[in-house]
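Reckoned from all heavy atoms, side chains included, excluding hydrogens, waters and symmetry mates. Because the structure is a prediction, the values reported are computed rather than measured. Each chain gets a letter, A, B and so on, in the order the sequences are listed, and its residues count up from 1.
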Amino acid sequence: MILSEETRKRIDSIIASDRIVLFMKGDRHVPQCGFSATVIQILDALVSDYTTVDVLADPEIRDGVKEFSSWPTVPQLYVAGEFVGGCDIVREMYSNGELQATLGAGAANLGRRPEAG
Amino acid sequence: MQLLASEEYGLRCLMRVAAGGDGAPVSIAEVAASEGLGAGYTAKLLRMLRLGGLVGSVRGADGGYRLARPAREITVWSALQALGGEFFSAEFCACHPGRLRRCVRASDCSLRSLWATLQAGVRATLEGITLADLQRDERSMGVWIDEAGARAAGEHFIGV
């Protein structure tokens, strides 16, 4: 699949819409796969607010985000516009404290971007 | 149908680490520069290979990555597994129900049979090729694959 310019812009826009964005199967309350559920569990332990995107509801995003990040699997976590990793990487980063540092966690509630100005 | 970028780049990173042999560990920066990749992306790929048990990391100023076992014991299939790609996984059908909760073809699907056969063929082929086999130039690799294919066909013929 070749990522269309339109889909790339959509993904860009989604990632820019929040500091923490998770592309996943299902949503925060009803994850549709074990890997997505694991990342949700970890994020919920660290932050109160973040955006999820259900790729099952949008085949273009589902395929597009894999090409966008050059990463083969979903879930995919983005923080401040940067691709962090999938479930295995997020899990390991959580266990060694890297994820907390990446999220700036400790001070919970850091999901939303601050209002400009 | 196409190979995913992570599989192509991940395998190339693994081959770079393999080329380091028993010498000093190969750093992320070296792998990234050699393959024309960003350091961050290379680090993620090597991390997945480490989590998959294919490479080990050495900490410190002279740290980097080494193969976790000899190149002849690491198959291309195991590398692709570690990099997250699988042509036709067990979850494939459950993940393609369209807008429904369950695929309309769940109980009877000719495509499933086709994909499963292809998956088995791809796996059998890639399980027979190791990182050591990949340490050839393109021409030699082509000859080796042709000969291996001919041998396999001959064995099949004799077996029948």
Could you have a look at A:Lys25, A:Glu92, A:Glu82 and say which one has the most heavy-atom pairs with chain B under 4.5 angstrom?
->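 That would be A:Glu92.
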Of the listed residues (A:Leu56, A:Ile89, A:Asp88), which shares the most heavy-atom pairs with chain B below a 4.5 Å separation?
->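 Going by pairs under 4.5 Å, I would pick A:Ile89.
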Mark yes or no for whether A:Glu67, through its side chain, and A:Leu3, through its backbone, hold a donor-acceptor pair below 3.5 Å.
->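 At least one qualifying donor-acceptor pair exists.
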Ignoring hydrogens and geometry, is there a side-chain-to-backbone donor-acceptor pair from A:Thr102 to A:Glu98 under 3.5 Å?
->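 Checking the backbone N and O of A:Glu98 against the side chain of A:Thr102, a donor-acceptor pair under 3.5 Å is found.
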Best-contacting candidate, B:Glu8, B:Lys44, B:Met48, against chain A by heavy atom pairs under 4.5 angstrom |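 Maximum pair count with chain A is reached by B:Lys44.
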Of the backbone (N, CA, C, O) and the side chain (C-beta and beyond), which part of B:Arg101 lies under 4.5 Å from a heavy atom of chain A, both, or neither?
->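 For B:Arg101, no heavy atom lies under 4.5 Å from chain A.
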A:Phe83/B:Tyr41 under ring-ring contact (aromatic ring centres under 6.0 Å, His included): CA gap, chis, key distance, verdict | CA-CA 9 Å; A:Phe83 173 57; B:Tyr41 183 50; 7.9 Å; no
Between B:Phe92 and B:Phe88, how do the two ring planes meet: parallel, tilted or perpendicular, split at 30° and 60°?
->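 Correct class here is tilted.
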